[in-house]
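Throughout, a chain's letter reflects where its sequence line sits, starting with A, and its residues are numbered from 1.
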Protein chains: 2
Amino acid sequence: MHTSHAADPIALLREAGLRVTDSRVAVIAALADLPHSGVDAVMGAVSRTLPQTSRQAIHNVLTDLTHAGIARRIEPAGHPGLYELRVGDNHHHIVCQRCGAVADVDCVTGHAPCLTPSTTSGFDLTEAEVTFWGVCSACKAAQAEPAGASAS
Amino acid sequence: MHTSHAADPIALLREAGLRVTDSRVAVIAALADLPHSGVDAVMGAVSRTLPQTSRQAIHNVLTDLTHAGIARRIEPAGHPGLYELRVGDNHHHIVCQRCGAVADVDCVTGHAPCLTPSTTSGFDLTEAEVTFWGVCSACKAAQAEPAGASAS
DNA sequence: ACTTTCTTTTGACGGCGTCAAAAGAAATGG
DNA sequence: CCATTTCTTTTGACGCCGTCAAAAGAAAGT
């Protein structure tokens, strides 16, 4: 009866009042395995166990999970949407400008909205989203070794 | 009446080594007039003086200006790209979750990258992008008066 | 088991942006 | 002043990503 730990898909779904289906369990498992996955990556992972699953179903499930508060969608500029299960801890992201890889960054202050703008221009503030941009270690290595390296 | 501080489209283009064409001058004028404009808005503004201008030309010009450092492109999640002339002052934005309106927010610390993540996961950090989300005053007013309101 | 409700499949569609080829306009050199 | 090179703009097609909508299928309530 305690609120569940990260990776019990069935409990997460039940608590959210969503039906427990194979697709949803598989999508949650995929996100637990590969955070910051897009529809394609989730599709690939789900297809290994449920090969008939449609792309639209992946979209549906990810949208449902997001609305239910189980998943969170991020959308770095110039990239398709990505999903992760870490929710409600107000963390941020660092995105590689070369390959688009994403890593988590713990919030600087620890609680939302974590920043206060100097002037709000009459807006009611809901949240502050911080995206760091940089170059990941893999891309740094690829740049340092121009040729001959085993790249992925 | 204008001080040199205001953007002079022709000077900006010359300094960047770009040819001075009607389209480019018109796009810069449009952005000076309406910051945070998308391709559609710029197109509408430019069409008033250069009605034959193609949408692709707007894309080209905006991309050229961005690469030249004259304009900056922002891309709030779920919205098409927006452009502004304010460049290099490391300011941020607040976006209305209802209507997508964007306002500028001066940087909290005043200089890039303005924030340092606690853990960089091996990334070389380039910049920190902060997007505030909230509800603009117009949408707040619209919500307060559910029916019979005059034109927005 | 029957009916209602929710989920998934299937196919089409739309926004937004890019690519590429051809036509047009500005700078350069004779 | 004309010819050449270079850059800009037009035109049309295409692709990615996501949404919409209708029909088929599976789960829950009585």
Side-chain angles (χ1 to χ4, degrees), chain A residues 9-10 12-28 30 36-47 49-68 70-83 95 99-100 102, chain B residues 9-10 12-28 30 36-47 49-68 70-83 95 99-100 102:
Chain A
I10 296 178
L12 284 172
L13 290 168
R14 290 239 161 83
E15 283 169 24
L18 292 174
R19 285 188 186 170
V20 178
T21 67
D22 290 349
S23 312
R24 285 175 176 164
V25 172
V27 167
I28 293 174
H36 315 122
S37 288
V39 169
D40 274 3
V42 172
M43 178 93 178
V46 169
S47 294
T49 52
L50 302 171
Q52 82 292 359
T53 309
S54 69
R55 188 168 304 266
Q56 180 65 53
I58 306 291
H59 275 284
N60 289 344
V61 170
L62 288 170
T63 300
D64 292 345
L65 295 179
T66 301
H67 288 153
I70 295 173
R72 175 183 168 195
R73 177 192 169 101
I74 63 170
E75 200 176 315
H79 297 272
L82 303 175
Y83 296 84
V95 184
C99 71
V102 176
Chain B
I10 296 177
L12 284 171
L13 290 168
R14 289 237 162 83
E15 283 168 26
L18 292 174
R19 285 189 187 167
V20 178
T21 67
D22 291 347
S23 312
R24 286 175 176 164
V25 171
V27 167
I28 292 174
H36 316 121
S37 287
V39 170
D40 274 2
V42 172
M43 177 92 179
V46 170
S47 294
T49 51
L50 302 171
Q52 83 292 359
T53 310
S54 70
R55 188 168 304 266
Q56 182 65 51
I58 305 292
H59 275 284
N60 290 344
V61 171
L62 288 170
T63 300
D64 292 345
L65 295 180
T66 301
H67 287 153
I70 295 173
R72 176 184 168 195
R73 176 192 168 100
I74 64 171
E75 199 176 314
H79 296 272
L82 303 175
Y83 296 84
V95 185
C99 71
V102 176

The side-chain contact (heavy atoms from CB on, under 4.5 Å) partners of B/Glu15 (sequence neighbours excluded) come to B/Ala11
Please enumerate all residues that pass side-chain contact (heavy atoms from CB on, under 4.5 Å) together with A/Ser54, with sequence neighbours excluded.
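Counting only residues at least two positions away or on another chain, A/Ser54 forms a side-chain contact (heavy atoms from CB on, under 4.5 Å) with A/Gln56, A/Ala57.
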Tell me, please, which residues at least two apart from B/Arg73 pass side chain to side chain donor-acceptor pair (under 3.5 Å).
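Only B/Glu75, B/Tyr83 meet the side chain to side chain donor-acceptor pair (under 3.5 Å) criterion with B/Arg73.
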Would you classify A/Asn60 as touching base, sugar-phosphate or nothing, given that sugar-phosphate means primed atoms plus P, OP1 and OP2, and contacts are heavy atoms under 4.0 Å?
base
Rounded to whole angstrom units, what separation is found between the [atom1] atom of [X] and the [atom2] atom of [N]?
X       : N      : atom1 : atom2 : answer
B/Leu62 : C/dG17 : CG    : P     : 10 Å
B/His67 : C/dT18 : NE2   : C1'   : 12 Å
B/Ile74 : C/dG17 : CD1   : P     : 12 Å
B/Gln52 : D/dT9  : CD    : C1'   : 10 Å
B/Asp64 : D/dT9  : CG    : C1'   : 11 Å
A/Leu18 : C/dT8  : CG    : C1'   : 15 Å
A/Asp22 : C/dT9  : CG    : C1'   : 15 Å

Which residues satisfy the ring pair (Phe, Tyr, Trp, His ring centres under 6.0 Å) test with A/His59, sequence neighbours excluded?
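So A/His59 forms no ring pair (Phe, Tyr, Trp, His ring centres under 6.0 Å) with any residue.
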How does each nucleotide of nucleotides 13-30 of chain D score, in 5' to 3' order, for protein heavy atoms under 4.0 Å: base (B), sugar-phosphate only (S), or none (-)?
----SSBB------BS--
If you count heavy atoms of other groups shown closer than 6.0 angstrom to NE2 of B/His79, is the number above 12?
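Yes, because the 6.0 Å sphere around NE2 of B/His79 holds more than 12 heavy atoms from other groups.
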A/Ser23 side chain N/O closer than 4.0 Å to the phosphate oxygens (OP1, OP2) of C/dT8?
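Checking A/Ser23 against C/dT8: at least one side-chain N or O falls below 4.0 Å of OP1 or OP2.
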Name the atoms and distances for all side-chain donor-acceptor pairs under 3.5 Å in residues 17-25 of chain A, with sequence neighbours left out.
from	atom 1	to	atom 2	distance (Å)
A/Thr21	OG1	A/Arg24	N	3.3
A/Arg24	NH1	A/Arg19	O	3.1
A/Arg24	NH2	A/Asp64	OD2	3.1

